[in-house]
Structures are given as structure tokens and as C-alpha cells.
Amino acid sequence: MKFLKKLILLIFILPALIAAQPNNYVILISFDGFRWDYANRGITPNIDYMKKNGVSASSFQPCFPSKTFPNHQSIITGMYIDNHGIISNSFEDPFTGERYRLGDDKTTSQSKWYLGEPFWETAKRNGIKTASFFWPGSELDLKYRRPDFVKHYDKSFPYYARVDTVIKWITLPYPVRPHFVTLYFSLTDTYGHIFGPNSPQINNAIASVDSVLGYLFRRLKAVKMNDSVNVILVSDHGMTEISPKRIINVGKLIGKTGCKIQNSGPFMLVTPPKGKGNFVYNILKQNEKHFKVYWKKDIPDYFHYKRNPFISKILLVADLGWSLERKEVNKFRMKGNHGYDNHQLDMHGIFFAIGPSFKKGYRTGTIWNVDVYPLLCKLFGISPRGNIDGKLERISFILK
Ligand code: AMP
Ligand code: ZN
Ligand code: ZN
């Protein structure tokens, strides 16, 4: 009888469980703020290995504004920022006064802000298990909208131990093991801000995260999964040098007009008080030097950043390397920043991919970050949401 039960399990139930999960794996890694050219400095042997044996893009174009949370959402949902709704790292709903703020988990975990469908949600609907060792926007308060395994963000969590956990996840018993995993490292962003993209310190950070990548490859080999896992390495944006000599004091221009200002540095969202819109716009327009001022309706179409109701009436975008500030800054410490026009090459990141599904030694031009979501769907043979901005035909040629 016992034997019969086992036989029934073997014949009927196990294949059903196995069929429910795909036979491929994708690890999607993000090196925050890793500018496209960091990979060409001769200090990244493990990225070089990916270039030689996989696909390498000359750069990876973020969406505007080239900031962390908005772009991680664009990568994972395939949507422009206008459409997925995370319009900045921090912003306000002007209709309710509620705020979304990077660093405040209570707000960044609220599902209501996220209008796109992240890949792990699409995967879940298709019976694929997923996991995340960090990804901005991965800790939503609704279970069906987050990965099956998710870690609470801790910037200082040791990098090599993150890889160890990922290896543990993808070697779990077959029915529960995740087949799509994200990994995130912030070091290159932090060092880029503090020391600048051309400093010796950023080169140390670049070499450090590259060695973590090498560790991942070694561990995949050790568990004999290096031939079955597709590894995609991206970054959310680049970095450019800024200087205290390149500051625009917006507060001095519109100080007493009672405007609400959100963000500073590469761009600013300005909401003038009722009836003062033209007055404020005209002052800014007359002083439009080293930045651009736009009415919301006139924001260039290529930004894909004018339809979301949370975007303010007036948008200021600084010229590359310039900083928009609310008041005079006495101690200007940062050496690098991002958030500028996403067509500026300094704002571009990286895209590399290696594994059984990708061409070998294949070099391509710039890839758009919204195209990663349809690529992931293709890799798992599932249908993307119909309302995305990404296009498979712009990226599918990198597949075998
Ligand atoms: P940015 O201001 O655009 O440079 O944002 C980068 C910052 O976002 C880094 O300092 C990260 O530590 C932080 N960060 C990245 N992922 C998360 C997350 N999942 N939760 C909270 N903060 C994060
Ligand atoms: Zn970032
Ligand atoms: Zn940053």
C-alpha cells in the first residue's frame, strides 16, 4: 500500500509540481549608480568575463529623472515613470498631502503608490517563485505584489553574505525554490556621490562590487548551476561631477512667492500658489541660465514625464553638472550627482547579460531600461502586461 502511494505521488503529483516551475533561472543584479564607462576602466575582470561570454551594451538608458527608486521601478515594471507613478525618490500627492519618501519604509511599502506590475507579480500569477535580496519597491504591504522571499533593506548587510543567501534560495527543494532573484548593491552610488565619478575612491568601489560578482560566479559553479542560470547585470543611472561653483540659487529668484518646492540638485518640482503661476514662471524664464524651465504641459515628450497627476505645474532641469538649490549653500560636500536629463551619456548605466539564453561575445548599442521587463517575460515564456512601455523587439536580438 505504502509503495502504491509513493508510486502515485511519483507519477502524478511530482510532475505537476515540476511543471508548475520553469526550468530556467534569472538573477537580476543592480549596481546602483554604476556609470556605463566604469566597466571600461580595466578594473572589472568579472564584468570583462560577462562581456567575453555574454552580451554587453554600450550603455543602459534610464528614464527621467535619473534617480534610484523611479528607475528601479521602470526596470522591474517596463513602464515610464509617468505610468508607474514613482515620480521621484520622494514626492507628495498634492490632492491628499500624503508623502512618499525614500528612507521611510512606512511610505515606500504602501502599495497604493505603485501603479505598475513588477515582474515578480507577473511571475507569481504564472506560478513562478521569486526572491529579492533588495530592490527598491520590493517590500510592498500586499503579499501578492512582492517576491515570495524578500529581505528588509539594510544598506550595511555584508555583500558576500547576500550572494550566499541567493545561492541558498536557488538550491532550495525544487517546488519552493525561486527562479527569479534580484540582488542590489549601493556602494558605487554612495562613493560616486561622496568622491565623484573620476576619483580613486570610486575605482575602489567599482573593483569591490566587481569582485562580489566574481564571487557569485564562483558560487554558481560550486553548486553546478553556472550553465543553467542567466545573470543580468544593470544599473539604475550614472553619475556626473558637480561643483559648488555651479549652483543655481532658486530660492533667491522666487523666494517670497510662496512656492512649494520638491527636490533639489539636478531637477526641481515647483508648485506656485494659486494665481501666481505666470509670475513665478516668468521670473524663472527670465533667469533661465544653466537650467531649463518648463510648464508641465511643455515638458519634452522624450522625458515621458508630463502626464502623472503628481508632477508639479513647473519643472526645472539643471544643465549637466549644475545644482538647483533652495537657498545659498555654505557647505556643499557632494562631488557627484544624478537625476539629470536621461539622454545625457553621464546618466547612462550598464547592461550585461550572460547565461544559456544569451548570445556569446555579443556587443550592442544602448539598451533602454524599460525593455528589461518584456525580456524577463520572454525568458520565462510568459505574457507581459499589455500596458507597458518596454518593447521586446528592441531587446530580443540579444537572445540566442
Ligand atoms: P539616490 O538618492 O537616488 O542616490 O538613492 C540611493 C539610495 O537609495 C542609497 O543610499 C540606498 O541605500 C537607498 N536604497 C536603495 N534601495 C533601497 C531600499 N530598498 N530601501 C530603502 N533605501 C534604499
Ligand atoms: Zn541609484
Ligand atoms: Zn545616488
Side-chain angles (χ1 to χ4, degrees), residues 28-36 38 60-77 81 86-91 99-111 113-114 118 120 131-141 145-147 149-159 162 181-197 199 201-202 205-206 209 233-242 262-269 318 321 323-324 333-340 342 344 346-351 369:
L28 175 64
I29 309 167
S30 167
F31 286 170
D32 200 320
F34 198 105
R35 198 167 74 181
W36 66 277
Y38 291 177
F60 192 51
Q61 184 170 303
C63 297
F64 178 83
S66 41
K67 285 279 182 192
T68 298
F69 271 64
N71 276 289
H72 278 90
Q73 276 306 294
S74 288
I75 294 166
I76 209 69
T77 64
I81 289 165
I86 306 300
I87 64 159
S88 184
N89 282 337
S90 302
F91 57 92
R99 287 185 65 77
Y100 175 100
R101 199 171 65 78
L102 184 160
D104 178 356
D105 305 340
K106 268 205 203 89
T107 67
T108 54
S109 64
Q110 287 174 318
S111 288
W113 301 105
Y114 298 81
W120 41 76
S132 165
F133 212 118
F134 304 153
W135 194 272
S138 61
E139 299 176 53
L140 299 204
D141 52 10
R145 299 200 67 192
R146 58 175 188 252
F149 300 85
V150 65
K151 290 278 179 190
H152 181 52
Y153 187 65
D154 170 7
K155 189 173 177 155
S156 60
F157 196 101
Y159 282 14
R162 298 182 196 189
V181 184
T182 67
L183 251 171
Y184 166 88
F185 304 97
S186 62
L187 193 72
T188 37
D189 181 72
T190 307
Y191 274 58
H193 282 299
I194 300 174
F195 301 106
S199 59
Q201 291 90 341
I202 189 69
I206 294 165
V209 290
L233 171 64
V234 297
S235 60
D236 51 350
H237 51 74
M239 189 69 68
T240 200
E241 266 179 355
I242 54 171
Q262 297 183 74
N263 281 282
S264 62
F267 72 103
M268 249 179 197
L269 295 162
S323 302
L324 295 152
R333 290 207 182 89
M334 273 206 292
K335 296 268 171 56
N337 210 355
H338 54 89
Y340 298 92
N342 55 329
Q344 289 282 356
D346 272 8
M347 293 300 103
H348 283 210
I350 47 164
F351 177 96
N369 72 358

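Counting convention: from 1, in listed order, for ligands and their atoms alike.
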Is the Zn ion (ligand 2) under 2.8 Å from any N, O or S atom of Thr68? yes
I'd like to know if the Zn ion (ligand 2) has an N/O/S atom from His338 within less than 2.8 Å of it, counting both backbone and side-chain atoms. no
Closest heavy-atom approach to atom 23 (C) of ligand 1 among Phe185, Tyr153, Trp135 is made by Tyr153
Location of contacts on Asn89 toward ligand 1, heavy atoms closer than 4.0 Å: side chain
So the atoms of ligand 1 within less than 4.0 Å of a heavy atom of Leu102 turn out to be 5 (O), 8 (O)
Looking only at distances, please establish whether an N/O atom of ligand 1 is found under 3.5 Å from an N/O atom of [X].
{"X": "Ser186", "result": "no"}
{"X": "His193", "result": "yes"}
{"X": "Lys155", "result": "yes"}
{"X": "Glu139", "result": "no"}
{"X": "His338", "result": "yes"}

Nearest protein heavy-atom contact for atom 5 (O) of ligand 1: which residue, which atom, what distance? Thr68 OG1, 3.0 Å
Ignoring hydrogens and geometry, is there a side-chain-to-backbone donor-acceptor pair from [X] to [Y] under 3.5 Å?
{"X": "Asn71", "Y": "Cys63", "answer": "yes"}
{"X": "Asn263", "Y": "Leu269", "answer": "no"}
{"X": "Ser109", "Y": "Asp141", "answer": "no"}
{"X": "Arg145", "Y": "Ser111", "answer": "yes"}
{"X": "Tyr340", "Y": "Thr240", "answer": "no"}

OD1 (Asp32) to the Zn ion (ligand 2) to NE2 (His237): angle, nearest 10 degrees? 110°
Need the atom name: nearest N/O/S atom of Asp189 to the Zn ion (ligand 3). OD1
Could you check which N/O/S atom of His193 is closest to the Zn ion (ligand 3)? NE2
Evaluation steps, side-chain hydrogen bond (donor to acceptor under 3.5 Å, both in side chains), between Thr68 and Asp236: CA-CA 6 Å; Thr68 298; Asp236 51 350; 3.2 Å; yes
Tell me if the centroids of the rings in [X] and [Y] come within less than 6.0 Å of each other.
{"X": "Tyr38", "Y": "Phe31", "result": "no"}
{"X": "Tyr184", "Y": "Phe134", "result": "no"}
{"X": "Trp135", "Y": "His72", "result": "yes"}

Does [X] have a non-hydrogen atom less than 4.0 Å from ligand 1?
{"X": "Tyr184", "answer": "yes"}
{"X": "Asp189", "answer": "yes"}
{"X": "His72", "answer": "no"}

Gap between atom NE2 of His338 and atom CE of Met347 - 0.5 Å precision: 8.0 Å
Tyr191 OH: over 12 foreign heavy atoms closer than 6.0 Å: no
Closest to the Zn ion (ligand 2), which N/O/S atom of Asp236 is it? OD2
